[in-house]
Every structure is written in structure tokens, then in C-alpha cells.
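Only one structure is covered here, and it is reproduced in the block below.
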Amino acid sequence: MSPGLLNEWRNEWRLRRGTAAYVESLLKDPEPDDLTWLSSLATSGDDDRARWELRYARRALGVLVAQRDSMDDRTGAEVAHALSGEMHRDRHVATDMINVAERQFNERLTVYRDVLTTRRPDEGTGTRLGRALLRLSGSPGDPGTESAQRAGEILVRYLGEANDALRKAFGTVSLPDDLPPSAVRPGRH
């Protein structure tokens, strides 16, 4: 086997192994306190809906972190693909509801991406993420700043956990500001 082919195989293996470990971290269920709080505030006591909103949020933010912060430009796509496969195997999703679950997830992915890529001088990202979570969860009307901040704290924690899991699965990025991640070969950073 040529050295180039061997290196390519190793890189693919690292990407797949890292992706599997990272996606596993995104499948974690929400904390009971977070679930209870969201259920009482936004889903009219529907714990199942609150659980799914928090699951969707963790997974969507995890995909966005992988797309934004990974060392390899392919990582985000690999994570999204692996997460889709997990959704198809998820015992919590009825077989006839997989398309609905995917559509709901993609809607949330779009909303959270918009929040993370849009700047507003009057409100921080955490609070805007919180407002998005509460809106998606069915909160009637304006949830108020305190509730939006509490919801935002949950999602900012998810972002931090995703970043930690990404570094653990793939390593730490250290690049000059003018160099894209795709310009670095794995193992040479």
C-alpha cells in the first residue's frame, strides 16, 4: 500500500471514529431539571414534547458546532449524516414518524443557525437562543427576558458541551487566522 493511500485510509478512519464518538455525545437526554422547567413553562406540561425540543436543540447545535469549529471541512456533513442515521434507528421515534421527526429537526437546525449567524446589539446570543427554544416549544406569547435567559443558559451549555466533545473526538484546532481548516492535514496541526 502506498504511503499516500495509507494516510488517506487513516484520515478516513479517524474521521469516522471521531464522528461516532461525537454523535454519541449529542444523543444524551436532557437533564431532568431542564426538562421539568421547559415542560412547565412552554409545553403546557407535555414532558415528551419538552424532551424532544431539548433533544433537537442539543443535536442541532452539535451539528452547527461541527460545521463551524471542526478541523476538517467534511466533519459537519459527516456528523449530520451520522445523526440522520441515528434518528432512523432511534427507538423513541415511531417508524411512521421518522419523516416528521426529520422535518422538525431540520426546522430547528435552520432556526438555531439563523440565531447563531445573526448579530443584534440589543440582545445576546444566549437570550436569542433561549427565545428560539421557547418559541419552538410552543410558549404562548413573549416568554419574557428572565425565561429567555434561563432557556438560553441551557442552550449555551449545550454549545459548550458540544465544543468539548468535538475537541475530545477530533482534537484541538490551532490555525492562523487566514488559513481554512481544509488546508491542514490531520495529524499535522
Side-chain angles (χ1 to χ4, degrees), residues 21-69 76 79-80 82-169:
Y22 182 67
V23 166
E24 184 177 327
S25 77
L26 302 178
L27 298 176
K28 190 169 91 173
D29 265 342
E31 296 294 323
D33 290 344
D34 298 337
L35 173 64
T36 301
W37 177 81
L38 184 61
S39 177
S40 68
L41 181 71
T43 66
S44 302
D46 185 343
D47 288 349
D48 190 52
R49 180 169 182 189
R51 184 176 293 107
W52 272 107
E53 289 302 339
L54 291 169
R55 284 176 180 159
Y56 285 144
R58 181 185 305 275
R59 295 169 187 184
L61 292 172
V63 168
L64 296 171
V65 164
Q67 291 171 343
R68 181 186 70 189
D69 298 342
V79 166
L83 206 47
S84 176
E86 288 297 328
M87 188 173 291
H88 283 265
R89 291 184 293 277
D90 191 336
R91 62 183 172 81
H92 297 106
V93 179
T95 305
D96 60 336
M97 296 300 288
I98 289 174
N99 289 337
V100 172
E102 285 180 328
R103 191 171 50 251
Q104 290 173 340
F105 173 77
N106 287 329
E107 176 187 338
R108 278 120 182 107
L109 182 63
T110 299
V111 168
Y112 293 128
R113 177 182 290 116
D114 289 347
V115 170
L116 290 175
T117 57
T118 304
R119 304 279 184 234
R120 285 190 38 201
D122 60 325
E123 194 168 54
T125 301
T127 302
R128 287 184 295 113
L129 281 169
R131 286 192 194 288
L133 172 63
L134 294 172
R135 246 188 341 270
L136 290 165
S137 299
S139 181
D142 183 13
T145 301
E146 189 174 314
S147 295
Q149 288 173 339
R150 167 75 170 96
E153 289 170 8
I154 295 168
L155 298 192
V156 167
R157 186 176 70 238
Y158 286 2
L159 284 170
E161 290 171 357
N163 268 297
D164 290 345
L166 187 72
R167 283 190 298 276
K168 184 177 179 186

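If you read the sequence from its start, that first residue is 1, and numbering goes on from there.
Ile98 CD1 to Arg103 CZ: the interatomic distance, rounded to the nearest 0.5 Å, is 13.0 Å. How far CG of Leu35 is from CZ of Arg49: 13.5 Å, rounded to the nearest 0.5 Å.
You'll find the side chain of Tyr158 stays beyond 4.5 Å of the side chain of Leu129, heavy atoms only. Annotation: side chain of Tyr112 is not in contact with side chain of Leu159 (no heavy-atom distance under 4.5 Å). Asn163 places a side-chain heavy atom less than 4.5 Å from the side chain of Arg68. Using a 4.5 Å heavy-atom threshold, the side chains of Leu64 and Asp69 count as separate. The shortest side-chain heavy-atom distance between Leu133 and Leu54 falls under the 4.5 Å cut-off.
When all heavy atoms are compared, the tightest approach of Leu83 to Phe105 is CD2-CZ, 4.1 Å. Among all heavy-atom pairs drawn from Leu109 and Ala60, the shortest one is CD1-O, 3.6 Å. Here the closest heavy-atom approach between residue Val93 and residue Ala101 is recorded as CG1-CB, 4.1 Å. Residues Ser137 and Thr43 share a closest heavy-atom pair of O-CG2, 3.3 Å. When every heavy atom of Ala162 is checked against every heavy atom of Gly62, the shortest pair comes out as CB-CA, 4.1 Å. The minimum heavy-atom distance linking Leu26 with Val63 is given by the pair CD1-N, 4.4 Å.
Results of the side chain to side chain contact (heavy atoms under 4.5 Å, CB included) test with Leu38 over Asp46, Leu134, Ile154, Asp33 single out Leu134 as the only residue that passes. With respect to Glu53, the side chain to side chain contact (heavy atoms under 4.5 Å, CB included) criterion is satisfied by exactly one of Arg58, Gln104, Arg108: Arg108.
Under a 3.5 Å cut-off, the side chain of Arg55 and the backbone N or O of Leu27 do not form any donor-acceptor pair. The main-chain N or O of Asn106 is found under 3.5 Å from a side-chain atom of Thr110 such that the two form a donor-acceptor pair. Between the Thr117 side chain and the Arg113 main chain, a donor and an acceptor come within less than 3.5 Å of each other. Counting only distance, with no hydrogens or angles, the side chain of Thr118 and the backbone of Val115 share no donor-acceptor pair below 3.5 Å.
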Inset, instruction - Begin with the C-alpha distance, continue with both residues' side-chain angles, and end with the deciding distance and a verdict on salt bridge (charged side-chain N to carboxylate O under 4.0 Å, His left out) for Asp90 and Arg59. - result: CA-CA 13 Å; Asp90 191 336; Arg59 295 169 187 184; 3.8 Å; yes
Legend entry - Audit row: Arg157, Glu161, salt bridge (charged side-chain N to carboxylate O under 4.0 Å, His left out) steps and yes/no: CA-CA 6 Å; Arg157 186 176 70 238; Glu161 290 171 357; 3.8 Å; yes
Legend entry - Stepwise side chain to side chain contact (heavy atoms under 4.5 Å, CB included) test for Arg167 and Asp164: CA-CA 5 Å; Arg167 283 190 298 276; Asp164 290 345; 2.5 Å; yes
Legend entry - side chain to side chain contact (heavy atoms under 4.5 Å, CB included) between Thr125 and Arg119, intermediate numbers included: CA-CA 8 Å; Thr125 301; Arg119 304 279 184 234; 4.0 Å; yes
Legend entry - Residue pair Asp47, Thr36: steps toward the side chain to side chain contact (heavy atoms under 4.5 Å, CB included) verdict: CA-CA 7 Å; Asp47 288 349; Thr36 301; 5.9 Å; no
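In summary, Glu123 and Arg131 engage in a salt bridge, as defined by a charged side-chain N under 4.0 Å from a carboxylate O. Ionic pairing of Arg150 and Asp34 is present here: one or more N-O contacts between side-chain nitrogen and carboxylate oxygen are shorter than 4.0 angstrom.
Around CD of Glu102, the count of heavy atoms belonging to other residues, nucleotides or ligands within 6.0 Å exceeds 12.
Residues meeting the side chain to side chain donor-acceptor pair (under 3.5 Å) test with Arg51, sequence neighbours left out: none.
The ring pair (Phe, Tyr, Trp, His ring centres under 6.0 Å) analysis of residues 37-69, with sequence neighbours excluded, yields the pairs Trp52-Tyr56.
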